[in-house]
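First the structure, in the form of structure tokens, and then the observations on it.
Per chain, numbering begins at 1; letters A, B, ... match sequence-line order. All heavy atoms count here, side chains included; hydrogens, waters and symmetry mates do not.
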Amino acid sequence: MKNAAAKSLLLPTQHLRRSADTSAAANEYAAKLQLCFERGPPGYALAAVIHAHMIASGFSPRAHILNRMISFYCKSSNLDYAKKLFDKIPQPDIVARTTLLAAYSSTGNLKLARKTFDSIPLKIRDTVCHNAMITCYAHNNDGHKAIHLFNEMRRNNFKPDNFTYTSVLGALSLVADREHHCQQLHCAVVKSGTSFVTSVVNALISVYVKCAFSPLTSSSLLMKSARKLFDEMLTKDELSWTTIITGYVKNEDLDSAKEVFDGMDEKLVVAWNAMISGYVQKGFVFKVFEMFRKMHSLGIKHDDFTYTSVLSACADAGLFLHGKEVHAHILRTEAKPARDFLVSVNNVLITLYWKIGNINIARNIFDSICVKDLVSWNTILSAYVSMGNIHEAKTIFNKMPEKKSMLSWTVMISGLAQQGSGEEALQLFNEMRPNGLEPCDYAFSGAITACAVLASLEQGRQLHGQLIRLGFDSSLSAANALITMYARCGVLDSAQNVFDRMPCLDSVSWNAMIAAFGQHGHGGRALGLYEEMLKEQILPDRITFLTVISACSHSGLVEQGKKHFESMIKVYKISPGEDHYARLIDLLCRAGKLTEACDVIQNMTHKPGAQIWEALLSGCRLHGDIELGAHAAERLVELIPQHDGTYILLANMFSTAGRWDDVARVRKFMRDRGVKKEPGCSWLEVENKVHVFLVDDTVHPEVKLVYDYLKELVTRIRDLGYVPDTKYVLHDMESEEQKEYALSTHSEKLAVVYGILKLPRGVPIRVFKNLRICGDCHSAVKLMAKAEGREIIVRDGKRFHHFKDGVCSCRNYW
DNA sequence: GTAGGGTTAG
């Protein structure tokens with residue numbers, strides 16, 4: 001076909017050869033180029049053939065034909081050649097210059113576009129070249145420059161036309177004070193007489209919609225203005241309908257969106273897609289399927305955008321079977337091969353399959369995409385990160401072509417931080433600037449999370465300082481990370497300061513602050529904040545309830561905790577997950593209500609998993625119920641045989657009861673199965689450096705100093721009533737002395753002593769431990785705080801202990 | 001020669 005078309009276009013060229021340079025030849029060429037233009041992209045390539053013919057026949061084209069040629073070369077992305085042609089023109093006219101300018105604009109080359117614009121002599125400038133330059137700014141996310149140029153052109157008496165208004169209105173969505181500009185431009189539109197032009201009104205509607213979509217404005221009022229414009233339009237086109245529908249969708253007013261949608265005579269695929277994406281965002285998955293099926297039955301063909309939305313709905317909602325069905329449906333009904341789908345379809349398929357747990361299929365899809373975009377790379381990257389395969393994630397990260405996006409870095413940084421590799425996360429964060437990328441607020445959130453993991457308060461504070469200097473301190477994600485960081489570093493006041501100063505809060509902020517109070521043993525304040533959250537009309541989510549129930553558990557507020565668990569189900573219609581049950585069990589067990597906990601387990605709808613048994617086991621250890629504890633441990637070993645915590649808890653329980661044979665049996669069991677106990681270690685920050693102590697440490701350079709002072713301090717606290725509690729020794733040792741020595745080498749004691757020696761008086765000592773604090777250390781540190789007159793804060797694996805004047809904030813309830 | 005809508009990743 002293509003060849004035939006080419007022949008028909010080229011056929012009558014014989015006589016052109018003879019009549020070069022005549023105006024007849026020029027007309028003939030012009031007519032042919034017009035045909036090429038009408039043919040679309042395949043025609044652009046043919047234009048090059050005609051051009052070759054001109055050159056071969058010695059025809060020297062005039063401005064009009066040259067301009068068309070430049071335009072064709074630009075369209076077929078042969079910009080370099082277009083520029084060469086352009087340079088041959090002695091005095092290019094405004095059309096040639098604007099063509100080139102627009103070509104630079106569409107390839108994202110702002111600098112060259114501006115240079116081209118600046119080189120246009122003032123006397124030949126017109127409205128159109130201004131329009132092109134304004135569009136270029138809009139596409140390069142520089143709304144202010146677009147507005148500036150718009151004002152400048154008016155000052156210079158160029159009359160804005162409908163193109164000008166649509167472009168500059170489009171650029172408005174990118175500026176902060178868009179509402180102000182929007183009103184001014186609306187007036188200008190009315191005065192200019194373009195307010196009846198469909199495209200201009202469409203742009204106005206679109207701006208009102210975008211202004212509405214902002215937390216700082218009254219969205220319903222602005223949506224009403226948009227709707228009024230829409231209703232009063234003389235002629236509506238496809239775009240008018242879809243703009244108002246997506247406007248409602250974006251502002252979460254699906255009812256109004258549906259009302260407009262229903263009023264369309266001929267519903268276009270885009271309108272369907274807009275509605276579907278609204279239902280996806282709201283999580284109305286079954287509405288999504290309903291629309292998807294209805295399209296099919298009405299004979300409206302799904303397109304790649306439809307697939308993308310529907311598949312992402314499945315992935316988000318965890319409806320993996322549905323997702324697979326949709327995938328199968330696509331493969332059945334589409335004639336084109338999978339790799340010819342819009343890249344977004346394949347991207348969302350990657351998400352779907354890794355969420356199913358099938359990273360291999362996800363990887364195959366990724367590998368099969370011919371032209372991967374940044375989203376493809378970032379999706380597979382976050383897939384590996386979320387699955388904890390940091391190794392493969394790093395490989396992908398390093399393989400990413402040309403410029404990684406900001407997102408690639410943030411995925412990697414926060415992924416590393418969440419997986420516990422805080423140091424690597426910070427290292428990567430520090431590599432951003434040398435790579436020419438100024439970290440955004442999300443990158444900061446990741447780095448701050450890393451500080452939370454490392455309990456590195458100093459570095460966290462420095463990042464906070466940078467945030468303020470860069471003006472990111474109002475960022476939600478960064479502030480949320482700061483709350484958690486300060487809380488996890490033991491500085492509750494600072495966490496609350498950040499929370500109190502936030503201009504707007506989301507559920508993550510509330511959850512983080514409630515969790516902070518909970519971990520620090522302020523159950524009452526946690527519940528108070530929860531009540532406040534409800535008053536502010538913030539809907540609690542499943543995370544909220546996890547933190548609320550934990551907070552109750554840490555403070556022994558059993559009845560309240562049970563009440564909130566109930567209300568989660570009955571009032572907020574959130575079905576409890578295993579994690580919720582585990583916290584309920586924990587709440588009951590700590591309070592000694594083991595029988596009630598067992599009742600809950602028996603009445604659970606789903607099979608109890610590891611989290612449940614672990615909560616029961618630690619409750620049994622606390623209250624010395626060996627039989628029940630052993631039962632829970634058995635279940636745990638069945639489920640997660642390699643988990644060291646189970647054996648430790650069990651051994652602890654036996655040793656407390658003095659059943660040394662059983663302790664030995666557990667230890668042998670561990671050896672046989674190759675389960676290793678995670679060694680206890682504690683750390684603290686002194687002068688911006690992290691000092692780590694292991695049990696019975698011999699590695700730290702100043703350990704001698706620590707042991708000497710510890711020995712002296714223990715004698716002093718004995719006078720205050722300290723009696724070493726040797727039931728916390730896990731080994732069966734011959735003498736009490738040996739046992740006492742074993743206790744005295746616990747890492748948390750060493751770290752606390754190091755803090756006493758190194759940190760100036762008046763500065764609280766903040767120690768962090770990977771495992772839970774031992775009971776003997778707990779009573780020793782209480783008295784150390786008293787003897788030294790210092791505030792000591794210990795964060796263990798589960799919560800905080802604030803020691804002061806011989807008491808702990810947990811009131812011995814942990 | 002110039003403009004405007006629907007999708008995916010944290």
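Among residue pairs with one or both ends in residues 87-109 of chain A, those qualifying as salt bridge (Lys or Arg N to Asp or Glu O under 4.0 Å) are A/K83-A/D87; sequence neighbours excluded.
Every residue two or more places apart in sequence or in another chain that forms a ring pair (Phe, Tyr, Trp, His ring centres under 6.0 Å) with A/F397 is listed here: A/W409. When the ring pair (Phe, Tyr, Trp, His ring centres under 6.0 Å) test is applied to A/F305, no partner is found at least two apart in sequence or on another chain. A/F117 meets the ring pair (Phe, Tyr, Trp, His ring centres under 6.0 Å) test with A/H130; sequence neighbours excluded. Shown here are the side-chain contact (heavy atoms from CB on, under 4.5 Å) partners of A/A417, two or more places apart in sequence or in another chain: A/A425, A/T449, A/A450. Listed by chain and residue number, A/N273, A/D303 satisfy the side chain to side chain donor-acceptor pair (under 3.5 Å) test with A/T306 (two or more places apart in sequence, or in another chain).
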Distance-only criterion, 3.5 Å: show the donor-acceptor pairs between side-chain atoms of residues 377-385 of chain A and protein atoms not counting sequence neighbours.
unit_1: A/N378; atom_1: OD1; unit_2: A/S408; atom_2: OG; d: 2.8
unit_1: A/N378; atom_1: ND2; unit_2: A/L374; atom_2: O; d: 3.4
unit_1: A/N378; atom_1: ND2; unit_2: A/S405; atom_2: OG; d: 3.2
unit_1: A/T379; atom_1: OG1; unit_2: A/V375; atom_2: O; d: 2.5
unit_1: A/S382; atom_1: OG; unit_2: A/N378; atom_2: O; d: 2.8
unit_1: A/S382; atom_1: OG; unit_2: A/T379; atom_2: O; d: 3.3
unit_1: A/Y384; atom_1: OH; unit_2: A/R363; atom_2: NH1; d: 3.0

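Among the protein residues, A/D126 comes within range of the nucleic acid bases, having at least one heavy atom under 4.0 Å from a base atom. Heavy atoms of A/S199 sit under 4.0 angstrom from at least one base atom. As judged by a 4.0 angstrom heavy-atom cut-off over every strand, A/H139 is placed among residues touching the sugar-phosphate backbone only. A/D93 comes within contact range of no nucleotide atom at all, as no heavy-atom separation falls under 4.0 Å. Note on A/I94: a base of the nucleic acid sits closer than 4.0 angstrom, heavy atoms only. Using a 4.0 Å heavy-atom distance criterion, A/T379 is classed as a sugar-phosphate-only contact. Residue A/N346 is out of contact with every strand shown, counting any heavy-atom pair closer than 4.0 Å.
Bracketed by its first and final contacts, the part of DNA chain B lying under 4.0 Å from non-hydrogen atoms of chain A reaches from B/dG1 to B/dG10 in 5' to 3' order.
Proximity of residues 100-108 of chain A to DNA chain B (heavy atom under 4.0 angstrom from any strand atom) is restricted to A/A102.
Both tests do not hold together for A/K355 against A/F320: distance to the six-membered ring centre under 6.0 Å, angle to the ring axis within 45°.
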